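All ligand and atom numbering here is 1-based and tracks the order in the structure. Residue numbers start at 1 and run along the sequence shown. Everything numeric in this text was worked out from a predicted model, so none of it was measured.
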Amino acid sequence: METDPMTSRERLVTMARDSVAFEASGTNQLMDGISTMPVSNYFDPARWQREVDLVFKRLPLLLATTAELREPHSYKAIEVVGMPVLLTRGGDGAVRAFVNMCSHRGSMLVDPGSGVARRFTCPYHAWTYDDVGDLVGIFKQSDFGDIDMSCHGLTPLPVAERAGLIWVILSTDPVIDIDTFLCGYDELLAFHHFEDMHHFGSVQLDGPNWKVGFDGYVDFYHLPILHKNTFGTAISPDAVFHRVGPHQRITGPRQQWAKLAGVAEADWQTQDLLGGVWSVFPHGSIASFAVGDFKMFQVARLFPGANADESVSHLDFLATSEPSPEVAELVQKQIDFLISVVRDEDYATGLKIQRTVKTGAKKEFIFGRNEGGARHVHGWLDSILATSDADLPALFRNARD
Ligand code: FES
Ligand SMILES: [Fe+2]
């Protein structure tokens, strides 16, 4: 007999129960044995190109937050992995995604950035599109000649807005749908209510190979070492991983869980079950930070850059409400702090790793029993690279419990 699937709240409770048990016993979640991975995975151009083509061009990517596109007729233009994308929210409230390319002769329609616009006029010859992507005006049409304007709108891309976050597939010929890919992870992310949050700011940072960078976002082992001068040495290097398909939530087993011990599970407040780092495969990481009584989130996404040695990270900062001027100052300080940690500690280290990996001195990297986060990511990457377009949806469907 099939059992009913767990509700999302039950899933959160189950995760927390694990963490409480680890906390109570003072133990840690460890993988069986150690594993190794070829160092060339971090710089080989052929491997990198396969990741671009088979991961970043096939899977949904987290390109925006609802908070950035809250108003009708708001837009965001962003270029990632060589694809210029225009996101719009129509007057009907729906988010749409298009290739940011004019149908006439290919000018980029909108420069990267965001704003509010009902019409987009091409800077080259002033063809004009509305925010549902239809071509609505041709400059000097009588001289240009007759074309069927209904056939020359912007090219749509698959898009879905879930849990206050916006995913786009960078392909006009998708092989997987966004909900299959999410495996229900969005139902857990939804407890954060990102859709109600205020977008506080964005920053882009250059970094090393995207996997060198992303390894750091799923790794607590380095926290009290690399970040000893910023987060401090008291932070735990231990981690508990809860997987939902390729996605994973990572929590420290010693932090917020003690206060749940001895409290009936039915009385656990959902807010108390949401801590940790919410990693969104293949490239996203959502972490919360307290600023006094105020809560803010860093939504980081890493994208392959121009070649195997480069990446571009987009960091967006959300806050649970529009802060007062005094709190806003503290939030900005926290954002500046987080940017400096990522840039001056994580990526500064990663950029040096990007130089050492090409020395040829080591053929394999070692991942310990306590490094389950990166092992989960790399395992999924290998599986996806080995999976045909036709079999890709089943890979994700089978991972859904
Ligand atoms: S390229 Fe856009 S109007 Fe000509
Ligand atoms: Fe770090």
Show me which atoms of ligand 1 lie under 4.0 Å from any heavy atom of Cys122.
1 (S), 2 (Fe), 3 (S)
Answer yes or no as to whether an N/O/S atom of His104 is found below 2.8 Å from atom 4 (Fe) of ligand 1.
yes
Ignoring hydrogens and angles, state whether a donor on the side chain of Ser150 or Asp148 is under 3.5 Å from an acceptor on the partner side chain.
yes
Can you pull out the closest protein heavy atom to atom 1 (S) of ligand 1? Residue, atom name and distance to 0.1 Å, please.
Arg105 N, 3.4 Å
Decide, yes or no, whether a salt bridge links Arg89 with Glu161 under the criterion of side-chain N to carboxylate O below 4.0 Å.
yes
Parallel, tilted or perpendicular: which one describes the rings of Trp127 and His152, with boundaries at 30° and 60°?
perpendicular
The Fe ion (ligand 2) as vertex, arms to NE2 of His227 and NE2 of His222: angle to 10°?
90°
Let me see the working for Arg96 and Asp131 under salt bridge (charged side-chain N to carboxylate O under 4.0 Å, His left out), right down to the final yes or no.
CA-CA 8 Å; Arg96 293 175 178 82; Asp131 59 10; 5.9 Å; no
Distance filter under 4.0 Å to Ser107 heavy atoms, resulting ligand 1 atoms
1 (S)
Below 30° counts as parallel, above 60° as perpendicular, anything between as tilted: where do the rings of Phe214 and Trp210 land?
tilted
Please verify the inter-ring angle class for His247 with Tyr185; under 30° counts as parallel, over 60° as perpendicular, anything in between as tilted.
parallel
Minimum-distance atom from the Fe ion (ligand 2) among N, O or S atoms of Asp346
OD1
Do Lys211 and His378 make a side-chain contact, defined as non-hydrogen atoms from C-beta onward lying under 4.5 Å apart?
yes
Just checking: Cys102, one of its N/O/S atoms, less than 2.8 Å away from atom 2 (Fe) of ligand 1, yes or no?
yes
Atoms of ligand 1, numbered as shown, that sit under 4.0 Å from any heavy atom of His125:
1 (S), 3 (S), 4 (Fe)
In terms of atom number and element, which parts of ligand 1 are under 4.0 angstrom from non-hydrogen atoms of Trp127?
3 (S)
